[in-house]
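What you see below is based on every heavy atom in this structure, not just the backbone, and it leaves out hydrogens, waters and symmetry mates.
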Amino acid sequence: MELLWQCPRRKTLVDWPEDVDTRLDVLVRAAAAAGEQTSRSQVLAALVTAAEVRPAVIAELLHSYRQMPADALEADNTRDDLPAVRAPGRTRSRR
């Protein structure tokens with residue numbers, strides 16, 4: 001049986017706020033805390049595949065995101081109770 005996560009890949013450019021990018025790193029660290037060895041792309045793929053394909057649900061998610069204050073993710077993005085995870089390959093530069 002072929003598994004979705006092993007199917008041919010496509011690179012996608014994502015342009016989003018730095019705090020959202022940091023949040024993705026926190027989610028990878030949370031997965032590591034649960035014993036999972038994963039990557040940013042696998043976490044994103046898992047979130048996309050778990051999303052309900054219902055217009056009202058997607059619209060509500062968008063409305064919530066668009067109304068978040070700039071510091072909404074600050075507390076989670078600075079968590080020190082999760083393990084550090086080093087991504088394989090080149091290191092991304094932070095501005």
J.: Just wondering, are more than 12 heavy atoms of other shown residues or ligands nearer than 6.0 Å to CD in Q6?
T.: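 Yes - once you tally the heavy atoms of other residues, nucleotides and ligands closer than 6.0 Å, there are more than 12.
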J.: Work out which heavy atom in V85 is nearest to a heavy atom in A32; give both atom names and the distance.
T.: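 In this case the closest contact between V85 and A32 is CG2-CB, 3.7 Å.
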J.: Does V20 belong to the same Ile/Leu/Val/Met/Phe/Trp/Tyr cluster as L24, with side-chain heavy atoms less than 4.5 Å apart forming each link?
T.: yes
J.: Applying salt bridge (Lys or Arg N to Asp or Glu O under 4.0 Å) as the test, list every pair that has at least one member in residues 63-75; sequence neighbours left out.
T.: none
J.: With rounding to the nearest 0.5 Å, note down the distance linking CG in L73 to CG in D21.
T.: 11.5 Å
J.: List the atom of D25, the atom of R40, and the distance in Å for their closest heavy-atom pair.
T.: OD1-NH1, 2.6 Å
J.: Within this structure, what is the CD1-NE2 distance for the pair I58 and H63, rounded to the nearest 0.5 Å?
T.: 11.0 Å
J.: So which atom in T78 and which in A75 form the shortest heavy-atom distance, rounded to 0.1 Å?
T.: OG1-O, 3.2 Å
J.: For a quick test of reading the model, state the closest non-hydrogen atom pair linking D19 to A70 and the distance between them.
T.: OD2-O, 3.6 Å
J.: For residues 4-16, which residue pairs qualify under salt bridge (Lys or Arg N to Asp or Glu O under 4.0 Å), counting only residues two or more places apart or in two chains?
T.: none
J.: Other than W5, which residues form its hydrophobic cluster under the rule that side-chain heavy atoms must be closer than 4.5 Å?
T.: M1, L3
J.: Kindly say whether R29 contributes a backbone atom to a donor-acceptor pair with the side chain of R79 at under 3.5 angstrom?
T.: no
J.: Assess the residue pair L27 and L47 against the criterion (side chain to side chain contact (heavy atoms under 4.5 Å, CB included)); give the C-alpha distance rounded to whole Å, side-chain angles, the decisive distance to 0.1 Å, and a yes or no.
T.: CA-CA 10 Å; L27 294 175; L47 293 171; 4.0 Å; yes
J.: I need the minimum non-hydrogen distance between T38 and A31, along with the two atoms involved.
T.: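 Closest pair (atom of T38, atom of A31, distance): CG2-CB, 3.7 Å.
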J.: OG1 of T22 to CG of D76: how many Å apart, nearest 0.5 Å?
T.: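 Between atom OG1 of T22 and atom CG of D76 there are 11.5 Å.
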